[in-house]
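Worksheet: the structure to be examined is printed underneath.
Numbered from 1 within each chain, the chains take letters A, B, ... in sequence-line order.
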Amino acid sequence: MHVTNSPAGHPAPDLSSPLLRGLNPEQLAAVTLPPEPALILAGAGSGKTRVLTTRIAWLLQTGQISPGGVMAVTFTNKAAKEMLTRLTAMLPVNVRGMWIGTFHGLCNRFLRAHWKQAGLPQSFQILDSGDTLSAVKRVIKAKNLDEERFVPKQVAWFIAASKEDGLRPHDVPVHDPQTRTLVEIYQAYEDQCEREGVVDFAELLLRTYEMLRDDPLLREHYRRRFGHVLVDEFQDTNRLQYLWLKMFAGPETAVLAVGDDDQSIYAFRGAQVGNMRDFEREFRVRHLIKLERNYRSHGHILDAANHLISHNARRMGKTLRTEAGAGEPVRVQEHGSDFLEAQWVVEELKALHRAGLPRRETALLYRSNAQSRVLESALFNAGMPYKVYGGLRFFERAEVKHALAYLRLIENCNDDTSYLRVVNFPARGIGARTLEQLADAARQTGRSLWQSVGAVPGRGGASLAAFNALVEGLRHETRGATLREIIEKMLQRSGLLDFYRTEKDGADRIENLEELVNAAEAFVTQEGFGKDAVALPVDELAPGLIAEGFPQAVAAVDLTPDAETGEIVSPLAAFLTHASLEAGDNQAQAGEDAVQMMTVHAAKGLEFDAVFVTGLEDGLFPNEKAMNDADGLEEERRLMYVAITRARQRLYLSFSQTRMLHGQTKYSMKSRFFDELPDGALKWLSPRTQGFGSGFEKPYQQAWQRGSGLGSMVGAGRTAGWQPPAPPSLPPVPKALVDSAAKSAGHGLRVGQAVFHNKFGEGLVITLEGKGPDARAQIQFGRHGAKWLALNIAKLTPID
DNA sequence: GTAGATCATTTTTTT
DNA sequence: AATGATCTAC
């Protein structure tokens with residue numbers, strides 16, 4: 001542990017505050033750091049959020065800062081909300097003036113306050129990824145380009161990636177014709193967004209960054225305002241987010257970056273772990289604090305995690321410790337098929353539940369979403385409640401998006417994306433030809449679809465005009481209405497309700513539309529959009545600003561009031577922003593006690609008493625698309641590290657010899673990560689012989705009945721003196737394989753046979769074909785994958 | 001304009 | 001296997 005001393009000139013921190021009670025020395029040091037750039041390496045389960053919130057509370061309480069002077073950035077709405085909740089629980093503070101939110105949320109706030117200077121319409125709309133994709137599609141179509149050569153998804157990805165590197169179209173280096181066209185699309189896309197008054201997610205950040213970069217006065221204002229900037233999950237920041245941070249944080253700013261390089265699992269979407277090192281260097285960080293005390297997991301689990309992650313070459317270096325004792329060994333189980341694996345999981349879950357463990361305290365983790373299906377059906381058949389995270393989110397459902405599109409048109413009729421989405425939904429006889437004519441007219445005049453309706457002749461033109469009249473009518477009728485009334489009227493008049501009433505499975509959709517009304521209602525109450533919502537006086541937060549010529553700068557408070565008039569943006573506009581920025585929970589209804597199922601990515605930041613990591617097979621986890629280069633494999637390893645560290649008391653790791661994947665049976669070897677786990681922390685459960693439940697219910701039952709958490713299971717007998725048996729060399733052969741093996745006798749090999757090859761190592765015979773000199777075999781090798789070998793050439797030694 | 005058929009696709013994902 | 005997107009036939 002290395003904590004730099006406070007430099008001379010900083011008074012010793014006031015340590016008498018009750019806020020600081022119960023912090024360990026490292027946490028305390030982090031919370032009470034002097035106002036200078038600092039980096040906190042916060043391991044899994046080390047109390048990171050607590051440090052962050054306590055730090056803010058302490059700064060406020062000791063009068064070192066006012067609420068308006070704090071900025072705290074997170075990645076997810078959930079993290080931001082949690083911070084606010086904890087903070088208000090610690091300190092009675094008005095959070096209105098505080099800038100605590102996601103990168104995108106804060107940018108939104110900034111751009112709403114400076115909409116004029118940003119060159120945006122006052123009620124600009126935000127495109128979510130789906131909207132962005134359809135906008136890109138329209139550009140590609142308008143430019144008459146081949147969608148095979150310019151796949152919309154990839155183009156959208158290119159544009160987002162460029163923006164996240166801080167590059168505008170003319171900044172992108174062009175070396176080949178393909179890129180040149182991509183850049184042209186990018187430019188056309190930008191023009192289109194500009195015309196329609198919409199911005200995508202990356203644009204929120206990029207535009208904020210550019211404004212601060214190009215306007216020294218504005219930059220100076222914000223730098224003066226935010227004495228403290230705190231960044232959560234720093235290892236996940238991308239290039240643009242880092243540049244953005246450098247705009248807000250000047251030489252005087254106390255930036256506190258909190259992150260864990262070992263939990264960086266988003267490189268695939270642009271996260272740069274290197275930002276941590278850059279931060280250390282560029283901000284001249286003199287305070288590096290490591291939080292290595294883990295308050296979550298028992299010893300064996302941490303041993304496994306530490307041992308595994310030590311195989312990564314590029315690390316900042318950190319080892320988790322616990323005082324909770326060794327606890328239970330990590331249970332490893334092998335299965336013949338994914339189906340059997342799922343059955344075993346269900347039986348173990350039943351046993352855990354019988355032992356008194358709430359189902360919500362158990363989690364099933366997997367590498368990819370496709371793996372959830374088998375598990376789900378096994379749980380379903382067993383009648384065990386479960387909850388799968390990661391499906392469609394509320395605001396992404398088709399019917400909800402349709403409804404939102406109508407609302408967006410009411411707010412801004414030039415939003416072509418929304419226009420196209422609902423102009424013929426429900427069907428009103430407006431076909432592709434009519435829309436093509438409309439698009440042509442719009443393109444020629446450079447106007448929006450809405451504005452070009454007059455240019456379309458005949459019946460099509462009349463239908464379009466009728467649609468415009470419908471939206472126009474809605475706008476008039478709902479003027480001054482409450483959000484609820486607006487939405488209800490829209491659902492009626494648009495025909496959406498009628499449409500879904502006649503649909504055969506429209507009942508769910510109607511339910512969701514009703515839920516939309518509820519969400520709006522909740523939003524109005526929560527965000528204080530009632531009649532007495534008032535903008536904060538302009539000079540309350542940053543005195544002296546007006547003199548500097550930036551009256552608008554400070555008005556960027558929660559309710560996004562207009563910078564000049566102080567008038568608050570309409571509830572409808574605010575709700576639409578909310579809908580874009582926060583897609584809603586992607587979980588089923590809370591309440592029922594259910595087993596939690598999710599990908600390892602989705603599990604980051606969560607913890608459970610018992611965790612199952614399933615499908616630990618080479619090719620799946622580590623994923624074959626990532627395991628061929630060192631960086632990819634290291635990220636997979638970090639992912640595994642995240643999976644392991646989710647568990648408090650009990651961890652199961654399982655893998656299967658066969659798995660249905662893309663409609664075919666895939667044969668795999670156990671994950672190479674098993675070789676990187678310490679034998680002493682593992683217990684290999686032998687298949688089938690011990691039966692289900694493993695007889696471990698007792699200590700669990702006692703622990704939970706005592707109502708105690710960590711510590712109560714320490715040294716619970718089972719692990720003392722326990723010796724790891726040698727892992728079974730190769731698994732028993734599935735029955736189907738044994739049956740087919742009889743036919744292929746002759747060369748001494750059979751399907752399912754384990755063999756050894758001098759170059760490829762151990763493998764499993766998957767297929768046998770041909771006879772005599774033509775005989776060949778497909779063999780699944782561990783890290784070399786499946787190979788076809790000619791049996792008269794290849795030297796294979798059967799393994800017993 | 002819609003229903004049904006065919007075809008490609010299939011790591012991870014927040015805002 | 002299952003999903004989504006595009007194409008074809010009415």
Query raised in the report: Between A:F226 and A:W99, is the gap from one ring center to the other below 6.0 Å?
Result: yes

Query raised in the report: Are OP1 or OP2 of B:dG1 and a side-chain N or O of A:R433 less than 4.0 angstrom apart?
Result: no

Report summary line: Rounded to whole Å, the CG-C1' distance (A:L633 to B:dT12) equals 15 Å

Query raised in the report: So what does A:L127 touch, heavy atoms closer than 4.0 Å: a base, only the sugar-phosphate, or nothing?
Result: nothing

Requested in this report: Between B:dT13 and C:dG4, how far apart are the P atoms? Round to whole Å, please.
Outcome: 16 Å

Report task. Apply the side chain to side chain donor-acceptor pair (under 3.5 Å) test between A:E617 and each candidate in A:K666, A:Q657, A:R367, A:R659; give the one that qualifies. Result -> A:R659

Query raised in the report: Can you tell me how far P of B:dT14 sits from CD of A:Q241, to the nearest Å?
Result: 14 Å

Query raised in the report: Quick one: is A:N77 getting a side-chain N or O under 4.0 Å of the B:dT15 phosphate, OP1 or OP2?
Result: yes

Requested in this report: Decide, yes or no, whether a salt bridge links A:E190 with A:K163 under the criterion of side-chain N to carboxylate O below 4.0 Å.
Outcome: yes

Query raised in the report: Rounding to a whole Å, what distance do you find between A:L133:CG and C:dT6:C1'?
Result: 15 Å

Query - Ring-ring centroid check A:F268 A:H601, cutoff 6.0 Å - result: yes

Report task. Mind checking A:S129 for me? I need base, sugar-phosphate or nothing, with any heavy atom below 4.0 Å counting as a touch. Result -> base

**Report entry** Proximity to the side chain of A:R393 - top-ranked nucleotide from B:dT14, B:dT11, B:dT13
**Finding:** B:dT14

Query raised in the report: With A:E636, which of A:I265, A:N623, A:V600 fulfils side chain to side chain contact (heavy atoms under 4.5 Å, CB included)?
Result: A:N623

Query raised in the report: Between C:dA2 atom P and A:L661 atom CG, what is the distance in whole Å?
Result: 13 Å

Query raised in the report: Could you state the CZ-P distance from A:F201 to B:dT14, rounded to the nearest angstrom?
Result: 11 Å

Report summary line: In whole angstroms, the gap separating C1' of B:dT14 from CD of A:E233 amounts to 12 Å

Report task. Give one of base, sugar-phosphate or nothing for A:N369, where a contact means two heavy atoms less than 4.0 Å apart. Result -> sugar-phosphate

Query raised in the report: Mapping A:H104 and A:G429 to their closest nucleotides on DNA chain B, which lands nearer the 5' end?
Result: A:G429

Report summary line: In whole angstroms, the gap separating C1' of B:dT11 from CZ of A:R373 amounts to 16 Å

Query raised in the report: Does the salt bridge (Lys or Arg N to Asp or Glu O under 4.0 Å) test come out yes or no for A:K137 and A:E147, once each step is laid out?
Result: CA-CA 8 Å; A:K137 274 187 191 159; A:E147 287 204 4; over 6 Å; no

Report task. Using the C1' atom on both, measure C:dA5 against B:dT12 and round to a whole Å. Result -> 23 Å

Query raised in the report: CG of A:D631 versus P of B:dT12: gap in Å, rounded?
Result: 20 Å

Query raised in the report: What heavy-atom pair brings A:A305 and A:Y641 nearest, and what distance separates the two atoms?
Result: O-CD1, 3.4 Å

Query raised in the report: Would a line drawn from the ring center of A:Y222 to the ring center of A:H114 be shorter than 6.0 Å?
Result: yes

**Report entry** Nucleic acid contacts of residues 263-275 of chain A, taken as heavy-atom distances under 4.0 Å to DNA chain B
**Finding:** A:Y266, A:F268, A:R269

Query raised in the report: Nearest nucleotide by nearest heavy atom, which residue falls closer to the 5' end of DNA chain B, A:A602 or A:I430?
Result: A:I430

